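These notes are about the structure you will find just below.
As the structure is a prediction and not an experimental result, all values here were calculated from the model. Chain letters run A, B, ... following the sequence lines, proteins first, then strands; residues in each count from 1.
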2 protein chains.
Amino acid sequence: MITERTEEYLEAIYYLYERGEAATTTSVAKELKVAPASATQMLKKLAKQGYLKYVPYRGVTLTPKGEKIGKKVLRKHRVMEKFLSNLGLPKSRVHKDACELEHHIPDDLERVIHQRFEGERLLPPGAPSNVVPLTSLLDGQKGIVSFIGGGRGASQRLTDLGLTPRTEIKVVKSALFRGPLMVSVRGTTLAIGRGIAATVFVRVK
Amino acid sequence: MITERTEEYLEAIYYLYERGEAATTTSVAKELKVAPASATQMLKKLAKQGYLKYVPYRGVTLTPKGEKIGKKVLRKHRVMEKFLSNLGLPKSRVHKDACELEHHIPDDLERVIHQRFEGERLLPPGAPSNVVPLTSLLDGQKGIVSFIGGGRGASQRLTDLGLTPRTEIKVVKSALFRGPLMVSVRGTTLAIGRGIAATVFVRVK
DNA sequence: CTTTAAATTTAGGCATGCCTAAACTTTGCC
DNA sequence: GGCAAAGTTTAGGCATGCCTAAATTTAAAG
Ligand SMILES: [Fe+2]
Ligand SMILES: [Fe+2]
Ligand SMILES: [Fe+2]
Ligand SMILES: [Fe+2]
């Protein structure tokens, strides 16, 4: 059985990775507010369990197995944060509560909550319900560009990138709530900012 | 700190109490699928902690402190069960997942979720069970208007909007917990407030 | 080579919590 | 008073997991 603390470590390591920071013993320890010695011990254990590769004095790298968990937990954390803050929970509690719930929310429940709370205010009235902002797609999902909701400037930039209606688009990597999205269009992969991505509405397949 | 297992015991004892059954060592043990000896030990501990009154050979009674917790946990359990099953979780998992979440959902979150799904208890007795308030529908779901539960004013306004019995209606977007619903009726999309939507009962397809 | 920061090892601490079988005691009923 | 059922006591098991200070080692930079 995977413990809550293990999830917490993997989440933190994935978070460092996502920001391009090295996952050293100290950086992990700082992230989790524990002493370096504690992190060393824990990282060795996680390596033995196959969640990451640990090289003494060199830091760690997540294995596919560990990355999958870290990524999932972080995603749940963010989904729950948004959920809670949308419900009007005091800001001071949003993070903490999300950090507890992230370990207890089943995958499918997370998915449903996510779908309902991302971009819901952006949808133009009357749009068919399977048309959603690009930012709502999860990694790996595909869609067809339906229309561009933004103004002229945004439209121009997106046209330049080849993001025009009826184009098929696939989300390669979405940080879910912040940071750019990596999308694949017409065989090429490109990164676009969240702000502009939110103006692209796609029909989900 | 109150443990999960403690909550489980208090929940079970409150559940017995609610049904008018005596909370004896054996009945509690049976409820939780443990040996009587385990229950004895645990009940003594809970008594020492002030959650209940324990009289050897006579069973237990919840103190106000214990009753408050047992009642709350059971309520959370039920709210979560309803929530999960409304979201389409497989029946086999609804109970188990609810029994985990009940220990991790903050009070205010439970309250909000409850409000969203309590509408179903407004159902007039004898109504077929697939008739639910409009507010219970999820995005994209369709239904046939069955009847209007509100008073004259509400009825008039809804009639004006074309929301009359036997009309087909589709929920385009429901904010799930607050804000108006977007519905599609006879080919047009319109927004209606939550309050009035709760008086519209529809037969789900 | 020296210095410093990062990392590791060591040795220990702490916090428990819940469960069971088997033998024994009590209660309640006849 | 005898008996069965309910409840209790006893004695033990099991499953750990994570954290830290201080001393030591290693790596990297100059
Ligand atoms: Fe967490
Ligand atoms: Fe978290
Ligand atoms: Fe539970
Ligand atoms: Fe429960």
Side-chain angles (χ1 to χ4, degrees), chain A residues 1-13 16-17 19-62 66 69-70 73 96 99-100 102-104, chain B residues 1-17 19-62 66 69-70 73 96 99-100 102-104:
Chain A
M1 223 8 345
I2 186 167
T3 73
E4 211 164 301
R5 206 56 187 152
T6 293
E7 289 193 342
E8 217 68 88
Y9 269 83
L10 296 176
E11 180 189 12
I13 294 165
L16 287 166
Y17 161 74
R19 287 180 304 181
E21 294 176 33
T24 64
T25 300
T26 308
S27 66
V28 172
K30 210 167 281 172
E31 200 74 33
L32 292 163
K33 300 186 204 307
V34 297
S38 313
T40 298
Q41 178 185 271
M42 194 66 177
L43 292 177
K44 283 203 298 199
K45 188 206 288 187
L46 296 181
K48 197 174 301 169
Q49 295 176 339
Y51 294 118
L52 44 84
K53 216 167 43 185
Y54 168 72
V55 183
Y57 296 101
R58 282 284 115 92
V60 295
T61 328
L62 292 171
I69 294 174
V73 174
K96 238 180 54 180
C99 201
E100 159 131 29
E102 69 192 4
H103 311 288
H104 304 285
Chain B
M1 225 4 350
I2 185 169
T3 71
E4 210 163 302
R5 207 55 187 152
T6 293
E7 289 193 343
E8 217 69 86
Y9 269 84
L10 295 176
E11 180 189 12
I13 294 164
Y14 183 81
Y15 185 47
L16 288 167
Y17 162 73
R19 286 180 305 182
E21 295 176 33
T24 63
T25 299
T26 308
S27 66
V28 172
K30 210 169 279 172
E31 200 72 34
L32 292 163
K33 302 186 202 305
V34 297
S38 313
T40 298
Q41 177 185 271
M42 192 69 175
L43 292 176
K44 283 203 298 196
K45 187 205 291 186
L46 296 180
K48 196 173 303 169
Q49 296 175 337
Y51 295 118
L52 42 83
K53 216 166 42 180
Y54 168 73
V55 183
Y57 297 102
R58 280 285 114 91
V60 294
T61 328
L62 291 171
I69 294 173
V73 175
K96 238 179 53 179
C99 200
E100 159 131 30
E102 69 192 5
H103 311 288
H104 304 285

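To the nearest angstrom, P of D:dT16 lies 16 Å from CD of A:Glu4. Taking atom OH on B:Tyr54 and atom C1' on C:dT26, their separation rounds to 12 Å, with Å as the unit. With rounding to whole Å, A:Lys44 atom NZ is found 15 Å from D:dC19 atom P. One can place NZ of B:Lys45 at 16 Å from P of D:dT9, the figure rounded to the nearest angstrom. One interatomic measurement links the two molecules: OH of B:Tyr57 to C1' of D:dA5, which rounds to 12 Å at whole-angstrom precision. For the pair B:Gln41 CD and D:dG12 C1', the interatomic distance rounds to 11 Å; values are reported in whole Å. When rounded to the nearest whole Å, the span between CG of B:Leu43 and C1' of D:dT9 equals 15 Å. The CD-P distance, from B:Glu21 to D:dA6, rounds to 14 Å in whole Å.
Contact check, B:Thr24 against D:dA6: no side-chain N or O comes under 4.0 Å of OP1 or OP2. Note on B:Thr3: every side-chain N or O is 4.0 Å or more away from OP1 and OP2 of C:dG17.
Screening A:Val60, A:Leu32, A:Ile69 for a side-chain contact (heavy atoms from CB on, under 4.5 Å) involving A:Ile13 leaves a single residue, A:Val60.
The residue B:Thr40 sits close to a base: some heavy atom pair falls under 4.0 Å.
Take the nearest nucleotide of DNA chain D for B:Arg58 and for A:Tyr9: the residue whose nucleotide is more 5' is B:Arg58. Nearest-nucleotide mapping onto DNA chain D: of A:Pro56 and A:Thr6, the residue sitting toward the 5' end is A:Thr6.
Side-chain contact between B:Leu46 and B:Tyr54 is absent, with no heavy-atom pair separated by less than 4.5 Å. Within the 4.5 Å cutoff, side-chain heavy atoms of A:Tyr51 are placed close to those of A:Ile2. Put simply, the side chain of B:Lys45 does not reach to within 4.5 Å of the side chain of B:Thr6, judged on heavy atoms.
Here D:dA21 is the nucleotide among C:dC19, C:dA21, D:dA21 with the atom lying nearest to any side-chain atom of A:Ala37.
Ion pairing of B:Lys30 with B:Glu21 is absent here, as no side-chain N (NZ or NE/NH1/NH2) approaches a carboxylate O to less than 4.0 Å.
Pairing each heavy atom of A:Ala39 with each of A:Ala29, the nearest pair is CB-CB, 3.9 Å. The nearest pair of heavy atoms linking A:Glu8 to A:Glu102 is OE2-OE2, 2.9 Å.
Remark: B:Val34, B:Ala35 in residues 27-35 of chain B come within less than 4.0 Å of DNA chain C through at least one heavy atom.
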